[in-house]
Each structure stands twice: as structure tokens, then as C-alpha cells.
Amino acid sequence: MSEIKKYSLAEVKTHNDNRSSWLVINNNVYDVTPFLNEHPGGEEVLLEQAGRDATDPFEDVGHSSDARELMAKYKIGEVIDSERKQVKEKIPDWSSGNDNATSENTMKSWLIPILLAVMATIIYRFYFLS
Ligand code: HEM
């Protein structure tokens with residue numbers, strides 16, 4: 001039971017209609033046949049991807065963590081080692097995060113010298129002009 005079943009992409013490809021719909025997402029193989037008419041995104045999108053690697057369309061939709069938990073129910077195995085794709089990390093999220101951090105840092109690097117200058121002016125006026 002604990003043995004993970006391995007499937008070739010050619011085998012997944014044969015399960016491409018509503019009698020048997022398999023999908024590959026992140027190197028995992030899912031049999032979504034019983035899920036077709038339960039999928040909140042509709043049966044058509046799943047059938048369109050049936051028999052294929054649907055990682056990109058699946059990720060593009062931005063499925064929730066609930067959806068990701070639900071997937072486990074339909075997992076039947078994994079892609080054979082020689083045909084595995086490198087799982088993409090969410091690089092766009094990171095880079096946009098980094099962009100924000102960079103602009104925040106730029107703000108900070110301006111704010112501190114300005115505050116110091118204002119404080120120096122106040123101290124100068126207090127000591128030398130009173
Ligand atoms: C085992 C595979 C899949 C599961 C368990 C699943 C599950 C779900 C769930 C639970 C939702 C509701 C929204 C959410 O919670 O994110 C959803 C929405 C959706 N899914 Fe999937 N999905 C799967 C595969 C796919 C694939 C391969 C596509 C291909 C494009 C797809 C396209 C969509 C679309 C378009 C929506 C509607 C999004 C919206 O209305 O905002 N799903 N899916």
C-alpha cells in the first residue's frame with residue numbers, strides 16, 4: 001500500500017476523456033474522473049487538460065489551499081523518475097515580494113538622513129540662536 005505507483009506520461013495520455021481523466025500536476029498523477037462534475041471550475045477545464053501535464057494551468061488559476069488539500073484524495077501515483085519535470089517554485093511571488101522590500105528599504109535609507117538633518121537643525125537653532 002505504501003508503495004507509490006509510477007506512471008509514464010504516455011500512460012497518462014491514454015486517460016484523456018470523461019470515462020477516465022488523469023492529470024499530472026507537479027509530477028503527481030491524479031485520477032479526477034469522480035471529481036469532474038464536482039470541480040468548482042467546471043468539468044470542461046479538467047477535460048481539456050485530461051491526459052496532460054496541467055501544472056501550469058492549475059497554478060495559473062491560483063487554487064486555494066483547500067483545493068490543494070482536496071487533490072490528495074485523487075492522487076493515484078507519480079510520474080516515472082526519468083520523465084519528471086523540475087517543480088517550479090513560485091518565483092514571481094518572490095520577486096514581487098523583493099521589489100516591495102527594496103522600495104521599502106529605499107524609503108528607509110532616505111528617511112534616516114532627513115530625520116538626522118531636521119534634528120541637527122533644531123539642535124543648532126536651540127544652542128546658537130537663543
Ligand atoms: C486535482 C485537481 C484539481 C482540484 C482538486 C481542483 C479544485 C478546485 C477548487 C476546490 C476550486 C474552487 C476555488 C479554490 O478553492 O481554489 C477550483 C476552481 C477552479 N479550478 Fe480547479 N482543481 C483542480 C484542477 C484544475 C485544473 C487542471 C484546472 C485547469 C485550468 C482548473 C481550473 C479551475 C478554474 C478555472 C477554477 C475557477 C476559479 C474561479 O472561479 O475563481 N482546476 N478548483
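Under the 4.5 Å side-chain heavy-atom criterion for grouping Ile, Leu, Val, Met, Phe, Trp and Tyr, V118 is not connected to L116 through any hydrophobic cluster. In terms of hydrophobic clustering, with Ile, Leu, Val, Met, Phe, Trp and Tyr side chains grouped at heavy-atom distances under 4.5 Å, I114 and L111 are assigned to different clusters. Hydrophobic clustering (ILVMFWY, side-chain heavy atoms < 4.5 Å, transitive): V24 and M71 are in distinct clusters.
Atoms CG and OH, on L70 and Y30 in that order, are 10.5 Å from each other to the nearest 0.5 Å. The OG1 atom of T55 lies 7.0 Å from the CG atom of N27; values are rounded to the nearest 0.5 Å.
Minimum interatomic distance between L23 and A54 (heavy atoms only, all atoms of both residues): CD2-CB, 4.1 Å. The two residues S20 and H15 make their nearest non-hydrogen contact at OG-ND1, 2.7 Å. Between V12 and R52 the shortest heavy-atom distance is CG1-N, 4.4 Å.
Every side-chain hydrogen bond (donor to acceptor under 3.5 Å, both in side chains) that D17 has, sequence neighbours left out, goes to R19. A search for side-chain contact (heavy atoms from CB on, under 4.5 Å) contacts involving S64 returns D66, A67, not counting sequence neighbours. The salt bridge (charged side-chain N to carboxylate O under 4.0 Å, His left out) check on D53 picks up K85, with sequence neighbours excluded.
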Would you mind writing out the side-chain donor-acceptor pairs for residues 31-42 within the sub-3.5 Å range, not counting sequence neighbours?
residue: D31; atom: OD1; partner: T33; partner atom: N; Å: 3.1
residue: D31; atom: OD1; partner: T33; partner atom: OG1; Å: 2.4
residue: T33; atom: OG1; partner: S21; partner atom: N; Å: 2.9
residue: H39; atom: ND1; partner: G42; partner atom: N; Å: 3.4
residue: H39; atom: ND1; partner: G42; partner atom: O; Å: 2.8

Identify every side-chain donor-acceptor pair in residues 74-81 under 3.5 Å, counting partners at least two apart or on other chains, and give the distances.
residue: K75; atom: NZ; partner: N28; partner atom: OD1; Å: 3.1
residue: K75; atom: NZ; partner: E78; partner atom: OE2; Å: 3.2
residue: E78; atom: OE1; partner: R84; partner atom: NH1; Å: 3.3
residue: D81; atom: OD1; partner: K6; partner atom: NZ; Å: 3.0

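Inter-residue side-chain proximity for E59 and N26 is flagged as met; some heavy-atom pair is nearer than 4.5 Å. Contact of the Q49 side chain with the W22 side chain is not registered, since no non-hydrogen atoms from C-beta on lie closer than 4.5 Å.
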